[in-house]
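Below: the structure, in structure tokens.
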Amino acid sequence: MAFPSNVKLVEMSPRDGLQNESSDVFGGMVPTKIKLELIHRLSHTGLTHIEAASFVSPKWVPQMADAKEVMQGIKRREGILYSALTPNLKGAANAIAAQANEIAVFSAASEAFTQKNINCSIEESLVRFEPVIELANRHQIPVRGYVSTVLGCPYQGAVEPEVVARVAKQLYDMGCYEISLGDTIGTGTPRNAKLMLEAVSRDVPMSKLAAHFHDTYGQALGNLYAVLEEGISIIDSSVAGLGGCPYAQGASGNVASEDVLYLLQGLGIETGINLDKMIEAGYWISGQLKRKNGSKVALAKGR
Ligand code: HMG
Ligand code: MG
């Protein structure tokens, strides 16, 4: 299979990037105005999709407690879809009321992880999503679906590609227009990533699948190369490699957007995104959080 000529990047930093942020620079909570400034800077890079917040329980993820203020405070730019993660009907209703352009539901390919992350079984999570998708349909809002732990689970270990395929197909059949495949803890390697994708793409069209790889073990770019070769054309990434999942201990951030852009440029794949502006945004947020920039490309190129 040939590489795609275009790739859509879905920027995760305001949600996946910040949800686990516990930096005490701001006494724990990153101020809403910093989140909004990050989204504003990202909005000027050429990105067309930014996951801006999550409407989850603030008891479970305190850092996202200001999701409403963030979603409502965005200076929207035409052509950009600002989406929100929602675990249930309450979150979906709040996200839609706050003018999210899209919502995303999330389950996993591991029972243990689903219990820790959203306090229910995989099956119960899918039942929960039915009214969420119905509500979104009534508002003509697209719904994205995530499957976590597609290449390994922090609690159960190995995950069968067939289980990933089953959950992905269920979400797709329920009405999710795109399914994002999350290597939540970044343990995958290129061969496993290919095998998993082969299994999933038998049930869900390749053009509807996204790669959402965390870089905990430094494998994300290798895994992306492998799945691009298989025909993946949607990639989730996070500027400066920010982030991690609070319910997957030790999980580091998504693969850095800057590093993905550099890889794609080298492969001659179009994204419509300006690498220099992305690097600027990454240095800005790393400076605010007083964190080392997690993008190798940004470090190599400098400010
Ligand atoms: P629960 O405790 O079972 O929920 O949590 P509940 O329905 O029993 O409600 C308990 C309380 O939470 C109630 O409030 C509800 O109103 C409130 P109380 O009466 O006690 O005052 N509540 C909410 N409040 C605000 N927004 C809501 C909401 N829902 C209930 N939406 C629940 C179940 C799903 C809510 C909880 O487990 C949760 O919020 N989990 C979210 C965990 C999370 O955000 N994890 C990180 C995102 S997933 C991820 O990062 C992976 C991904 O990036 C892909 C990858 O990398 O693999 C997507
Ligand atoms: Mg993630």
Side-chain angles (χ1 to χ4, degrees), residues 10-21 51-68 71 83-98 100 103-110 112-122 124-129 131-132 135 143-155 159 164 167-168 171 176 178-188 193 196 209-216 220 223 234-238 241-257:
V10 181
E11 176 60 35
M12 289 289 134
S13 53
R15 195 279 301 170
D16 209 345
L18 294 182
Q19 69 183 10
N20 204 25
E21 183 61 41
E51 194 161 274
S54 64
F55 289 77
V56 296
S57 161
K59 285 186 193 136
W60 285 63
V61 184
Q63 191 57 260
M64 292 286 116
D66 59 352
K68 177 179 169 203
M71 195 49 84
S83 63
L85 196 69
T86 63
N88 53 19
L89 193 55
K90 178 171 182 161
N94 290 343
I96 292 170
I103 59 171
V105 293
F106 54 111
S107 190
S110 138
F113 180 79
T114 311
Q115 285 292 351
K116 297 271 187 200
N117 197 37
I118 48 177
N119 207 18
C120 63
S121 68
I122 298 172
E124 283 163 346
S125 75
L126 298 173
V127 170
R128 245 180 222 180
F129 300 153
V132 170
L135 180 73
V143 184
R144 192 174 206 237
Y146 284 95
V147 185
S148 285
T149 61
V150 301
L151 295 174
C153 167
Y155 309 106
V159 170
V164 182
V167 180
L171 287 171
C176 294
E178 188 170 289
I179 308 296
S180 177
L181 302 167
D183 182 10
T184 319
I185 51 169
T187 49
M196 181 276 296
L209 295 173
H212 177 110
F213 294 161
H214 286 260
D215 201 25
T216 320
N223 294 344
I234 308 162
I235 295 174
D236 297 356
S237 62
S238 184
L242 285 180
C245 176
Y247 294 99
Q249 222 211 329
S252 66
N254 293 96
V255 62
S257 302

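FYI, side chains are in, hydrogens and waters are out, and symmetry mates aren't considered; it's all heavy atoms of this structure. Counting starts at 1 for both ligands and their atoms, in listed order. When a residue number appears, it is its place in the shown sequence, counting from 1. All values derive from a computational prediction rather than experimental measurement.
For atom 29 (N) of ligand 1, the closest non-hydrogen atom on the protein side is N88 ND2, 2.8 Å. The nearest protein atom to atom 42 (C) of ligand 1, hydrogens excluded, is given as N117 O, 3.1 Å; this is a heavy-atom distance. Closest to atom 16 (O) of ligand 1 among all protein heavy atoms lies K90 NZ, 2.8 Å. The protein heavy atom nearest to atom 1 (P) of ligand 1 is N119 ND2, 3.8 Å. Protein heavy atom at the shortest distance from atom 47 (C) of ligand 1 is Q19 OE1, 3.4 Å. The nearest heavy-atom contact from the protein to atom 32 (C) of ligand 1 is I118 O, 4.3 Å. Protein heavy atom at the shortest distance from atom 58 (C) of ligand 1 is R15 NH2, 3.4 Å. Shortest contact from atom 51 (C) of ligand 1 to any protein heavy atom: S148 OG, 3.5 Å.
The backbone N or O of T216 sits less than 3.5 Å from a side-chain atom of S252, completing a donor-acceptor pair. Although no hydrogens or angles enter the test, the distance criterion places a donor-acceptor pair under 3.5 Å between the side chain of E124 and the main chain of S121. No donor-acceptor distance shorter than 3.5 angstrom exists from the side chain of D16 to the backbone of G243, with no hydrogens or angles considered. At distances below 3.5 Å, not a single donor-acceptor pair connects side-chain atoms of S13 with backbone N or O atoms of G17. In this structure a side-chain-to-backbone donor-acceptor pair under 3.5 Å is present from N223 to G188.
Contacts between V56 and ligand 1, counted as non-hydrogen atom pairs separated by less than 4.0 Å, involve both the backbone and the side chain. Residue contacts with ligand 1, taken as heavy atom pairs separated by less than 4.0 Å, involve P87 solely via side-chain atoms from C-beta onward. Within the 4.0 Å heavy-atom criterion, neither part of M64 lies near ligand 1. With a heavy-atom cut-off of 4.0 Å, K68 does not touch ligand 1 at all. Contact annotation: for V150 versus ligand 1, there are no heavy atoms closer than 4.0 Å. Proximity of D16 to ligand 1, defined as any heavy-atom pair under 4.0 Å, is confined to the side chain (atoms from C-beta onward). Contacts of A108 with ligand 1, taken as heavy-atom pairs under 4.0 Å, are absent altogether.
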Using the rule given for side-chain contact (heavy atoms from CB on, under 4.5 Å), can you reason through I235 versus V10, listing the C-alpha separation, both sets of side-chain angles and the distance that settles it, and then say yes or no? CA-CA 6 Å; I235 295 174; V10 181; over 6 Å; no
Take I118 and R128, measure what side-chain contact (heavy atoms from CB on, under 4.5 Å) needs, and give me the verdict at the end. CA-CA 11 Å; I118 48 177; R128 245 180 222 180; 4.3 Å; yes
Test side-chain contact (heavy atoms from CB on, under 4.5 Å) applied to R144 and I234, step by step: CA-CA 12 Å; R144 192 174 206 237; I234 308 162; 3.9 Å; yes
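E51 does not count as a contact of ligand 1, since none of its heavy atoms falls under 4.0 Å from the ligand. Contact annotation: C120 has no heavy atom less than 4.0 Å from any atom of ligand 1. Every heavy atom of M12 sits 4.0 Å or more from the atoms of ligand 1.
Short contacts between ligand 1 and L85, defined as distances under 4.0 Å to a heavy atom of the residue, involve ligand atoms 47 (C). Atoms of ligand 1 lying under 4.0 Å from any heavy atom of P58, numbered from 1 in the order shown and given with element: 24 (N), 25 (C). In summary, the atoms of ligand 1 found under 4.0 Å from a heavy atom of R128, numbered by their order in the structure, are 34 (C). Using a 4.0 Å cut-off to heavy atoms of G91, the atoms of ligand 1 that qualify are 31 (N). Close approach of ligand 1 to K59 (heavy-atom distance below 4.0 Å) involves ligand atoms 18 (P), 20 (O), 21 (O). Of all the atoms in ligand 1, the ones that sit under 4.0 Å from a non-hydrogen atom of F55 are 26 (N), 27 (C), 31 (N). Each of the following atoms of ligand 1 lies closer than 4.0 Å to a heavy atom of H214: 56 (O).
Checking atom 26 (N) of ligand 1 against the protein gives a heavy-atom contact under 4.0 Å.
Within the model, atoms CZ of F213 and CG of N254 stand 11.0 Å from one another, a figure rounded to the nearest 0.5 Å. Between the CG atom of N88 and the CZ atom of F55 there is a distance of 12.0 Å, given to the nearest 0.5 Å.
Among heteroatoms of the N, O or S kind in D16, OD2 lies nearest the Mg ion (ligand 2).
Among the backbone and side-chain atoms of D236, no N/O/S atom is found under 2.8 Å from the Mg ion (ligand 2).
The closest non-hydrogen atom to atom 5 (O) of ligand 1, taken over F213, W60, Y146, comes from W60.
Between H214 atom NE2 and H212 atom NE2, the angle centred on the Mg ion (ligand 2) amounts to 90° (nearest 10°).
Annotation: cation-pi pair R15/Y146 present, NZ/CZ under 6.0 Å from the ring centroid and within 45° of its normal.
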